[in-house]
Structure formats: C-alpha cells, structure tokens
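Residue numbers begin at 1 in each chain, while the letters A, B, ... track the order of the sequences.
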Amino acid sequence: MTYWLVKSEPDAWSWAQQLAKGVEPWTGVRNHQAAANLRAMKPGERAFFYHSNQGKEIVGIVSVLRPAYPDPTDTEGKWVAVDMKAERTLQVPVTLARIKAEPALADILLVRNSRLSVMPIPDAAWRKICVLGGIAP
DNA sequence: GCCAACGTTGGC
DNA sequence: GCCAACGTTGGC
C-alpha cells in the first residue's frame, strides 16, 4: 500500500471542484517521473490533494478509483490518467511552510523536488501530515 | 514579477 | 552525443 501526493493548481482544478464532482479523471501529466508514479498506483490507494501556486497547502485526500489508462487528452496515446475520488477534507490545511518547518518531513519529494506533480509519500510522512491536518491517518 | 530547477529542443 | 538556448513549473 503506497501513499501518494498529487498537485493541482486551484485555478485549473480545485479541491472544492473535486469534492463537488466526486470522481474526476486525473489527466494532463506530461512528465515521465510523474507518469511512472501514476502507473504504479493501485485501486484504493490514497493521495494527498495539494494546491500548487495558490494556497500551497495540502487540503484533502483522494483515492484511486481506476488505475492507469490512456490519457484521453493525449492524442499520441503515450501518457496515462487515473480516476481520483474525493475521500475527505483535512480539518486543518497543511501548508508547505508548515511541512518545511518540520525536520521529519524535510526529505519528502514535495520539498526536495518542487516541480514533480505526482509523488509517493513515505508511510511515516503520511501519518505525520495527517496529524498536522487534524485527522486520523 | 522574478528566478531557480528541470526538461526539451536543435545545432553542431 | 554534447550542450546552449529556450520553455515550463512553481515557490518566493
């Protein structure tokens, strides 16, 4: 069971929209490392939903409803999408600043590689962020 | 708005 | 195959 984090610019797709819609295809990933992570996702695995650019905070949790399939927005057919389902909203959003202030979280890819949009999150970091977010892991 | 980090493109 | 130029992402 791997935990994940996915980024979305709230201008393009916000947590409020995800909550309202429930299930949404996660499309448009055009980076090989991120795409490899999408391909590794299994149904039922969970991911933090992070608002990039505006907010810069983890706001919710989604789960993988449908694993990797050809991204319908890719005409060449070489990239993949997954379907994400809204699970729950964090009691307290966990900001990037808060994460950076936490020595135990200094090594996560969100901090180490700010440009990666889909990444795995180690179990211990997942639990820590859930605590910071005011929810049970 | 700026810029660092990173990926991609194209000339050689 | 190297690397400079350029574009994009995303934090500040």
What side-chain donor-acceptor pairs closer than 3.5 Å can you find for residues 76-87 of chain A, not counting sequence neighbours?
residue, atom, partner, partner atom, Å
A:Asp83, OD1, A:Tyr69, OH, 2.4
A:Glu87, OE2, A:Ser63, OG, 2.6

Would you mind writing out the side-chain donor-acceptor pairs for residues 123-137 of chain A within the sub-3.5 Å range, not counting sequence neighbours?
none

Return all side-chain donor-acceptor pairs below 3.5 angstrom for residues 93-108 of chain A, not counting sequence neighbours, or 'none' if the list is empty.
residue, atom, partner, partner atom, Å
A:Thr95, OG1, A:Arg98, N, 3.0
A:Arg98, NH1, A:Glu102, OE1, 3.0
A:Arg98, NH2, A:Glu102, OE1, 3.3
A:Asp107, OD1, A:Arg112, NH2, 2.7

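For A:Thr73, the side chain to side chain donor-acceptor pair (under 3.5 Å) test picks out A:Arg30, A:Asp71, with sequence neighbours left out. A:Trp26 meets the side chain to side chain donor-acceptor pair (under 3.5 Å) test with no other residue; sequence neighbours excluded. With sequence neighbours left out, A:Ser14 forms a side chain to side chain donor-acceptor pair (under 3.5 Å) with A:Gln17.
Within the structure, side-chain hydrogen bond (donor to acceptor under 3.5 Å, both in side chains) pairs that include any residue of residues 34-46 of chain A comprise A:Trp4-A:Glu45 (at least two apart or interchain).
In DNA chain B, runs of at least 3 stacked Watson-Crick or G-U pairs (N1-N3 plus N6-O4 or O6-N4, or N1-O2 plus O6-N3, all under 3.5 Å) give these stems: B:1-12 with C:1-12.
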Handout entry: Nucleotide-resolved protein contact map, nucleotides 6-11 of chain C, B/S/- at heavy-atom distance under 4.0 Å
Key = -BBBBB

